[in-house]
Amino acid sequence: MARGVGVAAVVVALYLCGALMVEAGKDFSLLAQEIQRDSKPLGANVTCEECTDIVNIMFDVAENATVRAEFEADINASCRKYIPKEADICIKYGDALVDKLLPWIDKELKGLACRDARAVCSNFVQACKNPCCATPTLPEKVRLSIYDLPGGNGTGFVATWTTLMNTSTHTVQWGTSNTSGTFPYSANGLSRTHTHGGWVGVVHSAAMTNLRPATRYFYRVGDASGGWSRVWSFETLPTNAGTSARPLRVLQIGDMGYGPKSDKTVAEMIKEVDAGTVDLVLHVGDVSYADGDMPHWDAFLTKIESISARVPYMTNPGNHELWYNFTAYRTMFYTPASTYADNRMFYSFNYGGVHFTQLNTETFEDTANIDMQQRDWLALDLKQARANPHRGMIIATGHRPFYCTNGGAKDKDCVTFAELLRAEAENLLVGYHADMVINAHMHGYERTFPVAYGRPTATNYLFPASPVYVVNGAGGNREGNDQPHANQPWSAGPATNQIGYARMTITPNKLTYDYVIASNATVFDSFVLIK
């Protein structure tokens, strides 16, 4: 009986909070954000086990009519017994709680990764801890990113890894041989952490610089006393990378989650990395689909390790990373040059003769925006890239699409937000002649003709006068995929909702983009851009 009273007290309090939020016109995501901003743990006096028991009862009440009726009767009896003077008000709110609020909360949580009781207790009640790793200090979840000095062309790699506890050093060791188990080069880096969502762990990064071209390097990460990772290897680009003799080879994905729907995508990408035909991976937002459920971040980084530990894995933030103001995303990944220090989530790098401009299209409120600071940076970045007489392709990426056709005339993403992003940044992309803009967010694949300000400027890809836009957010996630309509004047080529990834080969004046269906490794669509 005591537990039933505790449950009633908790859920009535939740209802009162929810009722006030609903009356204020706020939705569930804003309720979550307000809880996130509250630094005082809600579950300070509740154990993880007690909390998960309570939340599981709430789920049962929300989804089972019989349990709901029994629970409503228990609340009413508790109201009459423990607060008889306010019993009528208590019963009124209890009825509304059971009949309306709990089913609504349950429905909203089904749209997130944190639908299980432990995730709710970790994020909303802060009663559970979620260790990242199996051992205290052995490195896990190794990933590479490009360490690009201003004006450089991929001059080094940063290795990033995760441990449960911090270590005395944050070391990467590397060399050109693995036969002796010794490494002639070593560098110490830095560590960082966060505690949101009950996460327990430490992320480390260290840079490998002055790498020779066309060289296979072997490396390991960790600490002399804490232990070392397994030995991984990568190959640096040859000096002619990005030329017709040796095109740059890039895999591109978007909206790829930790769960089973991305299994075939990841498996095919691993095959391509095994074959030595991948120089770079671009993940254009919605990285892991963790939604604040921190163990899902760890599951995702483990899942992609056979890719990310061998080729640089470059990312954009997506809307599913917004929890705790993108803290987990910013902690888990290193971005080039000086961008990590000021926590920006937009940056650029040069690799194989290609200039990649990585945009942030996100806000903490789950809306689209490229703010003034980023627009000023974008103008300068594109201006400098285009001024380089030896510069080949300029490719911009950002999670939310500038052009897409998944929705109807009043669609939020393909109309309202797409028009907003175009108003904020299209003049820069057109004015500085970006060759391609790659987006995601919509769970399908489609492409445009060269387009500027809503009008196609050509119906082919020969020497386009304006950017070509590709939407590829079909990597596989729990929400499933949607079929684009491809019904606009600027729409080009076939479109699909089949799970897959893209394969790009790039030279200074030619870009081939293949969309690959993950289930059978066949090319669904291919086009060639000539500049």
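Model, not experiment: these values are computed from the prediction.
- Proximity of a side-chain donor or acceptor of Q483 to a complementary backbone N or O of A495 within less than 3.5 Å is detected.
- Taking 4.5 Å as the limit, some side-chain heavy atom of M504 sits within range of a side-chain heavy atom of L282.
- The shortest side-chain heavy-atom distance between I506 and I395 falls under the 4.5 Å cut-off.
- Using a 4.5 Å heavy-atom cutoff, the side chains of L529 and P464 are in contact.
- Interatomic distance, CD of Q374 versus CG of D371, reported as 6.0 Å (0.5 Å rounding).
- Counted by atom type alone, H443 and D482 present zero donor-acceptor pairs between their side chains at under 3.5 Å.
- Scored by the side-chain contact (heavy atoms from CB on, under 4.5 Å) test, K510 finds T507, T512, V528, I530 as partners (sequence neighbours excluded).
- Looking only at distances, no side-chain donor or acceptor of S466 sits under 3.5 Å from a matching main-chain atom of P456.
- Put simply, the side chain of S205 reaches to within 4.5 Å of the side chain of R192, judged on heavy atoms.
- The main-chain N or O of W490 is never found under 3.5 Å from a side-chain atom of T448 such that the two would form a donor-acceptor pair.
- With contacts defined as side-chain heavy-atom distances shorter than 4.5 Å, the pair N319/H399 qualifies.
- The aromatic rings of Y329 and F333 sit tilted, their planes meeting at an angle between 30° and 60°.
- Between the NE2 atom of H355 and the CG atom of L382 there is a distance of 6.0 Å, given to the nearest 0.5 Å.
- No salt bridge links E305 with K141; every basic N to acidic carboxylate O contact stays at or beyond 4.0 Å.
- The aromatic rings of H296 and Y258 lie parallel to each other, their planes meeting at an angle below 30°, with 60° marking the opposite boundary.
- Side chain of R386 to backbone of H433: a donor-acceptor contact under 3.5 angstrom is found.
- No donor-acceptor distance shorter than 3.5 angstrom exists from the side chain of Q498 to the backbone of I517, with no hydrogens or angles considered.
- The backbone N or O of T327 lies less than 3.5 Å from no partner atom in the side chain of N325, so there is not a single donor-acceptor pair.
- For E362 (side chain) and L322 (main-chain N/O), no donor-acceptor pair under 3.5 Å exists by modelled atom type.
- When atom types are taken as modelled, the side chain of N439 and the backbone of G398 share a donor-acceptor pair closer than 3.5 angstrom.
- For F527, the ring-ring contact (aromatic ring centres under 6.0 Å, His included) test picks out Y461, Y513, with sequence neighbours left out.
- Distance alone, capped at 3.5 Å, is enough to place a donor-acceptor pair between the S262 side chain and the G257 backbone.
- Atom-to-atom distance recorded for W161:CH2 and L144:CG is 11.0 Å, nearest 0.5 angstrom.
- Taking CG of D381 as the reference point, atom OG1 of T357 lies at 4.0 Å (rounded to 0.5 Å).
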Output, in order, the C-alpha distance, side-chain angles, deciding distance and verdict of side-chain contact (heavy atoms from CB on, under 4.5 Å) for Y334 and R143. CA-CA 9 Å; Y334 176 92; R143 52 265 191 205; over 6 Å; no

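- Considering every non-hydrogen atom in both Y403 and Y453, the closest pair reads OH-N, 3.4 Å.
- N130 places no side-chain N or O within donor-acceptor distance of the main-chain N or O of M294, the cut-off being under 3.5 Å.
- Aromatic ring orientation, H194 versus W199: parallel (interplanar angle below 30°, classes split at 30° and 60°).
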Decide disulfide (SG to SG under 2.5 Å) for C414 and C404; before the verdict, give the C-alpha distance in whole Å, the side-chain angles of both, and the deciding distance to 0.1 Å. CA-CA 5 Å; C414 292; C404 60; 2.0 Å; yes

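- Residues M314 and Y347 have side chains in contact (heavy-atom distance under 4.5 Å, counting atoms from C-beta outward).
- Using a 30° and 60° split on the angle between ring planes, Y515 and Y445 fall in the parallel class, below 30°.
- Remark: E268 CD to Y501 OH distance equals 5.0 Å, nearest 0.5 Å.
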Please evaluate residues S233 and R216 with respect to the criterion side-chain hydrogen bond (donor to acceptor under 3.5 Å, both in side chains), reporting the C-alpha separation (whole Å), side-chain torsions for both, the decisive distance (0.1 Å), and the verdict. CA-CA 7 Å; S233 73; R216 176 151 303 271; 2.9 Å; yes

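- The distance from atom CZ of F417 to atom NE2 of H441, rounded to the nearest 0.5 Å, is 7.5 Å.
- If you check the side chains of N316 and T397, you find a donor sitting under 3.5 Å from an acceptor.
- Between C133 and T162 there is a side-chain heavy-atom pair separated by less than 4.5 Å.
- Counting heavy atoms from C-beta outward, L211 and F234 have side chains that approach closer than 4.5 Å.
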For Q358 and T335, run side-chain hydrogen bond (donor to acceptor under 3.5 Å, both in side chains): C-alpha distance rounded to whole Å, both residues' side-chain angles, the deciding distance at 0.1 Å, then the answer. CA-CA 10 Å; Q358 308 284 101; T335 54; over 6 Å; no

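- In this structure, R118 does not pair ionically with D293, as no charged nitrogen and carboxylate oxygen lie closer than 4.0 Å.
- When each of D366, D255, D286 is paired with R400, the salt bridge (charged side-chain N to carboxylate O under 4.0 Å, His left out) condition holds for D366 and for no other.
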